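It should be emphasised that the depicted structure is a prediction, and the values quoted were computed from it without experimental measurement.
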Amino acid sequence: MKQEFGASMIEIIGVLAIAGLMSGAAIAMYNVIRNNQVRKIASVELQEIARDTKMLMELRGDYTGVSVQYLVSAGALENNYAPIGGNDWSVSAIDNGAGFSINLTQLTESECKYFTATPQQWANVIRVNGIENATDNCFSTNTNQISFIVK
């Protein structure tokens, strides 16, 4: 009788199915880790923007006239790209120049929840979609807006 060596087609399909599941899980885990890292980097960048804006504008006594373009031209920002979200973000004066806000737009629901759940020590108030200190006001679409208010 002749002996055959090797695997059957069903065994090969089983191995490929297990490898596919493991690859899918690894890719999903990579995406979670990557998204968390992007959010942490954006959080640090926002803190640096707030610190640099305070250092630059406090010498004048108020924050009137502050904007992303002003911060770029003054050297406080390298470029006008948003740390996270859409590129139509802004920095603007509030309360007649007594403070300023960093306004992010087009955030995903998970990004919105991250910034509302993770307190930003440098911001006095966080406004989510127009409501102050709201922790559960994030939309399920990519249209969330967050304003970090510094006074």
Side-chain angles (χ1 to χ4, degrees), residues 12-151:
I12 292 173
I13 291 173
V15 169
L16 289 175
I18 291 170
L21 287 173
M22 291 178 69
S23 297
I27 290 170
M29 190 57 125
Y30 169 77
N31 286 334
V32 168
I33 291 169
R34 183 183 168 280
N35 287 339
N36 286 339
Q37 195 65 26
V38 165
R39 292 178 189 132
K40 287 178 185 176
I41 290 169
S43 182
V44 169
E45 286 180 12
L46 288 167
Q47 181 178 6
E48 290 174 358
I49 291 168
R51 182 197 67 216
D52 292 348
T53 303
K54 281 177 114 175
M55 286 183 358
L56 179 67
M57 301 300 285
E58 275 184 335
L59 296 174
R60 291 180 23 189
D62 69 11
Y63 294 97
T64 55
V66 69
S67 68
V68 173
Q69 293 303 329
Y70 179 80
L71 295 172
V72 170
S73 65
L77 292 176
E78 289 182 28
N79 54 50
N80 62 351
Y81 299 124
I84 195 166
N87 278 330
D88 57 340
W89 71 298
S90 65
V91 178
S92 57
I94 59 164
D95 298 333
N96 294 325
F100 66 95
S101 67
I102 301 171
N103 311 299
L104 301 176
T105 61
Q106 298 173 344
L107 297 171
T108 65
E109 181 180 17
S110 60
E111 291 167 345
C112 178
K113 287 182 178 180
Y114 173 82
F115 285 111
T116 55
T118 307
Q120 305 298 318
Q121 302 299 323
W122 50 269
N124 300 91
V125 176
I126 297 176
R127 187 177 296 144
V128 180
N129 295 319
I131 300 175
E132 287 188 12
N133 298 323
T135 57
D136 60 350
N137 197 40
C138 297
F139 302 142
S140 60
T141 59
N142 294 353
T143 59
N144 292 292
Q145 298 178 356
I146 294 182
S147 296
F148 299 99
I149 299 170
V150 181
K151 294 181 182 180

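Side-chain contact between Y70 and L56 is present, with at least one heavy-atom pair separated by less than 4.5 Å. The shortest side-chain heavy-atom distance between I102 and W89 falls under the 4.5 Å cut-off. Under the 4.5 Å side-chain criterion, counting only non-hydrogen atoms from C-beta, Y114 is in contact with K40. Residues F100 and M57 have side chains not in contact (no heavy-atom distance under 4.5 Å, counting atoms from C-beta outward). When side chains are defined from C-beta on, I126 does not count as touching F115, because their heavy atoms never get closer than 4.5 Å.
A donor-acceptor contact shorter than 3.5 Å is absent between the side chain of N144 and the backbone of C138. Remark: the backbone N or O of L107 is not paired with any side-chain donor or acceptor of N142 at under 3.5 angstrom. No donor-acceptor pair closer than 3.5 Å links the side chain of N80 to the backbone N or O of V68. A donor-acceptor pair under 3.5 Å links the side-chain atoms of N124 to the main chain of K151, judged by distance alone. Listed for the N87 side chain is a donor-acceptor partner under 3.5 Å among the backbone atoms of A82.
E111 and Q106 make their closest contact through OE1-O, 4.4 Å (heavy atoms, listed as atom of the first residue, atom of the second, distance). The heavy-atom pair separating S101 from I149 by the smallest distance is CB-CG1, 4.0 Å. Of all heavy-atom pairs between L104 and P83, the closest is CD2-CD, 4.2 Å.
A distance of 12.0 Å separates NZ in K113 from CD1 in I146, rounded to the nearest 0.5 Å. For the atom pair CE of M22 and CD1 of I27, the computed distance is 12.5 Å after rounding to the nearest 0.5 Å. The CD1 atom of I84 lies 7.0 Å from the OG1 atom of T108; values are rounded to the nearest 0.5 Å. Here CG of N36 is found 11.0 Å from CG of N31. Values are rounded to the nearest 0.5 Å. Between atom OG1 of residue T116 and atom CG of residue D136 there is a gap of 8.5 Å, rounded to the nearest 0.5 Å.
Using modelled atom types, one finds no donor on one side chain facing an acceptor on the other under 3.5 Å when comparing S92 with S90.
The local environment of CD in E78 is sparse, with at most 12 non-hydrogen atoms from other residues, nucleotides or ligands closer than 6.0 Å. For CG of N96, the number of neighbouring non-hydrogen atoms (other residues, nucleotides, ligands) closer than 6.0 Å is 12 at most.
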Only distances under 3.5 Å count here; give the side-chain donor-acceptor pairs of residues 44-52 to other protein atoms, sequence neighbours excluded, each with its distance to 0.1 Å.
none

